[in-house]
2 protein chains.
Amino acid sequence: MNIGEAARASGISRKMIRYYEEIALLEPARTVNGYRVYGPQDVQTLRFIGACRRLGFPMTDVKALLGMWRNRSRSSVEVKRLTDRHITALRERVTELNAMITALEALAQACDGDDRPHCPIITAMANPDGSHTR
Amino acid sequence: MNIGEAARASGISRKMIRYYEEIALLEPARTVNGYRVYGPQDVQTLRFIGACRRLGFPMTDVKALLGMWRNRSRSSVEVKRLTDRHITALRERVTELNAMITALEALAQACDGDDRPHCPIITAMANPDGSHTR
DNA sequence: CATTGACCTTCCCCTTATGGTAAGGTTGAG
DNA sequence: CTCAACCTTACCATAAGGGGAAGGTCAATG
């Protein structure tokens, strides 16, 4: 299987397949002409990587997860620990984003949104310490 | 005011102050020796930028917001429109992250987390289409 | 007057994960 | 033999920074 076919079979772009090889996530065989050759196992690996990425795991985690997948004597606690850390990171990010959303909603709600220049949003940016001029 | 002092006054690192200049957000004066010189207005600009960044606006939006701030004949509706688009983008991102969190929580909850290899998390990654082998 | 430390300057590399493009080689069909 | 559709490597770019080197400047101290 050539890289194009592997891309279609796995849903991973040719570009990213080569990148994953570069960071040592897989090592396809080569024909005498240097063409990469992928087997069903390689496609499985690519699909595994894709699943990890869709769940937001960074590449370092994906690498670790791949190692655990391949290691038949792994402990499920390792996997769970990694996953829990990732969940925690995602929750923190959501908390940050929600704080931004809440602040922005308050500002937008206070803005008339008409053709006049007065705008609480701009005022808030210009007075970042919350020092309101009353 | 030198760049170091401007950095302390604005809470923006020297590195980023130079970067913001590079992308034309401000243009400090220079001494004869080439040192950047910042006035109170520049510090105001930097604080404005910092406030935008803390609310998650991308630099392109920051640039636009700066322009609106400086434009005394702006319409507040422009500002509000930009803000609303940003809020929408943030909400979408939160929705994505929450979907990941939900999926990961279900997997983690199903994982025993002991010293045995069996692990639903790994199994899920290896079978990305949800094709469970029963 | 020289040294020293704290500034400042520009320039380049690194990050994450991904896309694009260009120059050139291979293959298979017609 | 040619042409399209592959493939290869190599480089550039992204967003928003951080790190650091090499070299210039300035003020205070000895």
Side-chain angles (χ1 to χ4, degrees), chain A residues 1-39 42 45-66 86 89-90 93 96-97 100, chain B residues 1-39 42 45-66 85-86 89-90 92-93 96-97 100:
Chain A
M1 199 185 321
N2 276 342
I3 194 171
E5 204 177 340
R8 280 186 292 274
S10 65
I12 309 289
S13 72
R14 297 168 185 72
K15 252 341 202 199
M16 291 317 298
I17 294 178
R18 296 198 192 96
Y19 173 66
Y20 295 152
E21 177 182 350
E22 195 182 314
I23 62 175
L25 296 192
L26 75 167
E27 212 186 325
R30 298 276 184 147
T31 68
V32 283
N33 299 313
Y35 280 28
R36 290 172 178 82
V37 177
Y38 298 87
D42 295 312
T45 297
L46 291 171
R47 296 175 75 83
F48 185 97
I49 296 170
C52 293
R53 295 295 299 137
R54 277 190 296 279
L55 287 176
F57 283 103
M59 293 311 304
T60 49
D61 285 3
V62 174
K63 201 164 192 169
L65 287 165
L66 260 180
H86 178 46
L90 289 176
R93 185 69 185 136
E96 289 172 7
L97 295 180
M100 293 176 189
Chain B
M1 200 184 324
N2 276 342
I3 194 172
E5 204 178 341
R8 279 187 293 273
S10 65
I12 308 290
S13 72
R14 295 167 185 74
K15 246 1 196 190
M16 291 318 297
I17 293 178
R18 295 198 192 97
Y19 174 65
Y20 295 151
E21 178 182 349
E22 195 182 314
I23 62 177
L25 298 193
L26 73 167
E27 212 186 327
R30 297 277 184 147
T31 68
V32 283
N33 299 313
Y35 280 26
R36 290 171 178 82
V37 178
Y38 298 87
D42 295 313
T45 298
L46 291 170
R47 295 174 77 82
F48 185 97
I49 296 170
C52 293
R53 295 295 299 139
R54 277 191 296 280
L55 286 176
F57 284 103
M59 293 311 302
T60 50
D61 286 2
V62 175
K63 201 164 191 169
L65 287 165
L66 260 180
R85 265 196 310 245
H86 178 46
L90 289 176
E92 283 171 9
R93 184 69 185 139
E96 289 173 8
L97 295 180
M100 293 177 189

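Note that these values count all heavy atoms, side chains included, but never hydrogens, waters or copies made by symmetry. Letters A, B, ... mirror the listed sequences (proteins, then strands); counts begin at 1.
Computed from coordinates, the Glu21(B) CD to dG17(D) P distance equals 16 Å when rounded to whole Å. Rounding to whole angstrom units, CD1 of residue Ile23(A) and P of dT15(C) are separated by 12 Å. In this structure, Tyr19(B) atom OH and dA16(D) atom P are separated by 6 Å, rounded to whole Å.
Between Ile17(B) and Tyr38(B) there is a side-chain heavy-atom pair separated by less than 4.5 Å. Contact of the Val37(A) side chain with the Pro28(A) side chain is not registered, since no non-hydrogen atoms from C-beta on lie closer than 4.5 Å.
Look at Ser13(A) and you'll find a side-chain N or O under 4.0 angstrom from OP1 or OP2 of dG19(C).
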Going 5' to 3' through nucleotides 3-11 of chain D, assign each nucleotide B (protein heavy atom under 4.0 Å from a base atom), S (under 4.0 Å only from sugar-phosphate atoms) or - (no protein heavy atom that close).
---BSBBB-

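Nearest heavy-atom pair across Leu46(A) and Ser10(A) is CB-CB, 3.6 Å.
For residues 48-63 of chain A, proximity to DNA chain C is found at Arg53(A), Pro58(A), Met59(A), defined as any non-hydrogen atom under 4.0 angstrom from a strand atom.
Under the 3.5 Å distance criterion, the side-chain polar atoms of His86(B) are left unmatched by any main-chain donor or acceptor of Pro58(B). Under a 3.5 Å cut-off, the side chain of Arg8(B) and the backbone N or O of Ile3(B) do not form any donor-acceptor pair. For Arg53(A) (side chain) and Phe57(A) (main-chain N/O), a donor-acceptor pair under 3.5 Å exists by modelled atom type.
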Could you pull out all donor-acceptor pairs under 3.5 Å where a side-chain atom in residues 18-27 of chain A meets a protein atom, sequence neighbours excluded?
unit_1: Glu21(A); atom_1: OE1; unit_2: Arg36(A); atom_2: NE; d: 2.6
unit_1: Glu21(A); atom_1: OE2; unit_2: Arg30(A); atom_2: NH2; d: 3.3

side-chain contact (heavy atoms from CB on, under 4.5 Å) between Phe48(A) and Leu65(A), worked out:
CA-CA 9 Å; Phe48(A) 185 97; Leu65(A) 287 165; 4.0 Å; yes

